Structure formats: C-alpha cells, structure tokens
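Below: one structure, written as structure tokens.
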Number of protein chains: 2
Amino acid sequence: MTRPTPPTATLVRVTETRVERKERTRRAILDAALELCEESSLVALSLRQVAKEVGIVPTGFYRHFESIEELGLALVDESFASLRSMLRAVRQTDRFDGSFASIVDASVDILLEHVHAHPRHFAFIARERTAGQPSVRDAIRHEIELCELELATDIAKLPAVADDWSTDDLRILSGLIVTAMVSTAEQVISGHGRRAVEERTAEVARTQLRMVLIGALQWRSSQRS
Amino acid sequence: MTRPTPPTATLVRVTETRVERKERTRRAILDAALELCEESSLVALSLRQVAKEVGIVPTGFYRHFESIEELGLALVDESFASLRSMLRAVRQTDRFDGSFASIVDASVDILLEHVHAHPRHFAFIARERTAGQPSVRDAIRHEIELCELELATDIAKLPAVADDWSTDDLRILSGLIVTAMVSTAEQVISGHGRRAVEERTAEVARTQLRMVLIGALQWRSSQRS
DNA sequence: CCTTTGAGTGCACGGATGTACACCGAAAGT
DNA sequence: ACTTTCGGTGTACATCCGTGCACTCAAAGG
C-alpha cells in the first residue's frame, strides 16, 4: 500500500526530507488504523496489526505514538477537523434562500457529501463515541458538545427564529438535531454505499429535520401564548 | 462473585439439580461478560477473561457457548427482552390521561426507571450497536427496527393523531423518537449515576419529545392544507 | 446397583501480543 | 568532513490468547 519507501530503496532518490518521510509514515499509520478498526473497534486493534499493515516493524510504531490510545486521540482530532470544515461549509453556504425547506435540503445534502468524502472518519467517530477507551470517548463527547453549541448560535441567527428563545432551549433543539444527524450519518455508512438505502435515508432525514424545526417553532409560540 | 459452587464444596449439599447448576453458570458467564466489556467492547474481550471472572477454567466456557460471538447474540436477546418489557409497560400504563404532556412525562419516567433497572443491558446495546461484530450489530439493528415499528403503531392509535397519517410518516416519526430516546439513555448511562446529570438529561428529553410530537402534528396539518 | 452423561478440570501447544534493547545508516547540523 | 540525530530494524522474552485432548466424578436414569 502506501508504505514508506524503506531506506534500501533510496536508490530512486526522490529528494524527500526527513520530516516529510516521518509525516508520511505517520499518515500511513493513521490510515491503516482507520481502515483496520473498521470491522470492530480501536480497542480490538493491536499495535502489531497496524505496524504490519503500514509495513514497518512493531517497535517502529513507538517513533510516532506512545500507545494505541494516543493514536485514537489523534484520530479524533483529525476526524473532527474534517467535520468542522463541513460545518463551516454549511454555515457559509448560499445554497438556500432562507426558507426552512431549503435550509433543510442544503444541510442534508452537505452532510451526505461529507460522509462520502470522509466515510472512515464518520464511522470512526460513531463507533468510538460509545465503544472507545474512556479518554477517546470523552474527547469525542467534548467535540460533539462544541458542535451543538455552534449549531445553537447558528439557529439563533436564523431570521425565522424569534429572539426570545432562551439559550437553554436553543441548546436542547440543537442537541436534538445533532443527534438526528449523527444517526443519519450512521445509517448511511451502515448502508455500505448502496444508492437506494442512501436516498431513502436522506429523505427520512429531511422529513425529520422539518418536523423538528417547524415543531420547535410551534412549540415555542405555544409557550409564549 | 457469583461463581458456581465447585463440586468439592458439595458438602453443603443444597439439593441443586444438574440443569439448575448449568443455568447458574450460564448466567454467571452472561453477567461476567456484561460487566467486563463495560469498559470497552465485546470484541476486545477474551474468553479467558470471562472464564477467570466466572471462576471456571477457560475450556469450560465451551460447555455453554461456541464462541464469544454466540455469547454476544445471547446478550442481545436478553437485553431486548428486558427492553421489550419496558415498552409493554409504557403501552399499558395508565399514568397519563391522553394529553401530550402526560404521555411524554410518563414515557421519559419509565425509560429512566428501566435504564436504572438494567444499566448494563442498555450500555451493551448502545455500544455493540455500532462497535460489535457484524452479526451482533445486525441483530441489534433488527431489534431496534422492530421497536420502531411497534412505536409507530402505538402512535397511530393516539386519539390526538389524525387518521390520514401515512405509514411512512409514522415510521419516520417513530424513528426520530427512538433515536432521541436511545441518545437519552446513552447520556444517562455515561452520566454514571450522578443525580444532577440525570435530572438535566430527563428534562432535555421531555422538551425534545414535546418539540417532536407537537411539531409532527403541526407539520402534518400544514401538509394537509 | 450399575451405566451413562456431561459440566468442569488440567495440561499442553502454537501463535499473537506488548515492549525492552542494541543496532544501523542516512539525513541534518556543525 | 565530522558528529549528532533519529526513523526504522532485528532479536528476544514473558505473557496472553484460543483450543484440542484426556480426565474426573457426581447427578441422572435404566
């Protein structure tokens, strides 16, 4: 695969600095781990399996990570970096005018695009969120909480949202939406690329989002009256 | 712990038939597995760990299960048996009059009660749902689908629900509710018994359920007009 | 009473795992 | 041109893993 060219093969001499090589091996380790743990979980993954997949000797692993756990935390960082770039895309998009329907459609579309772009990252988060080592779980939980907070402030900015919403209510609403979207991503991934499953899942997600958004508004106004 | 009395201790002679003893050991294995995999996942659990915890020799495990995977499937059965008993309780309860608020409050209360009664079962389902071996994942997914279907028919029977709801819409709504409730259970469990976390989670769950239910109705009527 | 059954034992094995240690050799630094 | 740095190597070892096999011995059953 993408194994780092062993020193003996430097006959080819593709001028590559030392830090570049190190970074390349690090990447290979991250990718190998992401792929290998796909059928179960990081906790069921051995250092030796990763090393073999990468094409280095087991002890070579320690040059990059102190343990599998540290590897996991690095993967959390990486996964959420890509997720945040998606959220930024949603936020800056001008694919919708301002109606709920168009916001929902654009958001679901972007979510699906990103799940396609980084399927292993999403799968990793979904899995380790509940099954990882405690430190990994906590890291993911914290990141998701940040996502919910960001979403809450975004919702507050929507023109259609009354300005008397409490921050608590915004948090609750965004929590519900995030939960539904995480579940949607999980279903798409577990659908294993089948177009029909995915289209169905997308349609369900759109409907659910509409129910939630319109419902929240209605509920809100009923609280006010 | 609850290890089966070894044959040598039969001096005590508590007249116990052979099948009773076998069943007791089987239970001990199930309990030990449920407890041991709590900090990670079934896939990261060895036959030997379970055997040691139970107090039998490793090969003794095979008298009860062919593999850890089969153990996992048995745990899925057991977990959902208890979950279904909860759902039956919700369905038959007369704790509410018929208003949405009382339905929501009663449902959330019963959910929390049951999470308290079977915390390991809920945690197991939440974990293995995404991180288990494929066969275990599939078994759980199937069971959850059944729960969604049952909930959909229950919702259809509510007096407040218009009778022109399509089965699709009912499925979508119940899927959303189940997702939110699974998430609620996960949060309660990860709160690790702290009363404050739990009360907060319950309140969030109630609010989310109200948003969803009232929202679905509003959305529905807006579709009709 | 004598036979059968079967849950649990004890040992032994080949293989995988994490990690310690000494080593290499090319790139980086001087 | 030299020394240093440091990814990556190779060997080695204690530990755990699943599992095969022959065994025990009390309950079940004729």
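Only a predicted model underlies this, so the values are computations on that prediction, with no experimental measurement involved.
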When only distance counts, do a donor and an acceptor, one from the side chain of [X] and one from the base of [N], lie under 3.5 Å apart?
X: B:Arg63; N: C:dG8; value: yes
X: A:Ser46; N: C:dG18; value: no
X: A:Thr59; N: D:dG8; value: no
X: A:Arg48; N: C:dG18; value: yes

Quiz item: Using a cut-off of less than 4.0 Å, is there contact between a side-chain N or O of A:Arg24 and OP1 or OP2 of D:dG7?
Solution: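 Looking at the OP1 and OP2 atoms of D:dG7, neither is under 4.0 Å from any side-chain N or O of A:Arg24.
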Quiz item: Would you say a side-chain N or O of A:Thr17 is under 4.0 Å from OP1 or OP2 of C:dA28?
Solution: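 Answer is yes, contact under 4.0 Å.
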Exercise. Fit a plane to each ring of B:Phe65 and B:Phe61, take the angle between them on a 0 to 90° scale, and name the class: parallel (under 30°), tilted (30 to 60°) or perpendicular (over 60°).
Key: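 Ring orientation of B:Phe65 relative to B:Phe61: tilted.
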Exercise. Indicate, with a heavy-atom threshold strictly under 4.0 Å, whether B:Gln49 touches base, sugar-phosphate, or nothing.
Key: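 Touches sugar-phosphate only.
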Quiz item: So does B:Arg137 pair up with B:Glu69, basic N to acidic O under 4.0 Å?
Solution: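 A salt bridge is absent here (no side-chain N lies under 4.0 Å from a carboxylate O).
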Exercise. Choose from C:dG8, C:dT9, D:dT9 the nucleotide whose nearest atom is closest to any side-chain atom of B:Val57.
Key: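 Out of C:dG8, C:dT9, D:dT9, the nucleotide with an atom closest to B:Val57's side chain is C:dT9.
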Self-check item: Residue B:Arg18, side-chain heavy atoms: nucleotide from C:dT5, C:dA28, D:dG8 that is nearest
Solution: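 My answer, after comparing the listed nucleotides, is C:dT5.
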Quiz item: So with a 6.0 Å cut-off around CD of A:Glu39, is the heavy-atom count from everything else above 12?
Solution: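 No, not enclosed.
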Quiz item: Any side-chain donor paired with an acceptor under 3.5 Å for B:Thr17 and B:Glu20?
Solution: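 No donor-acceptor contact under 3.5 Å links the two side chains.
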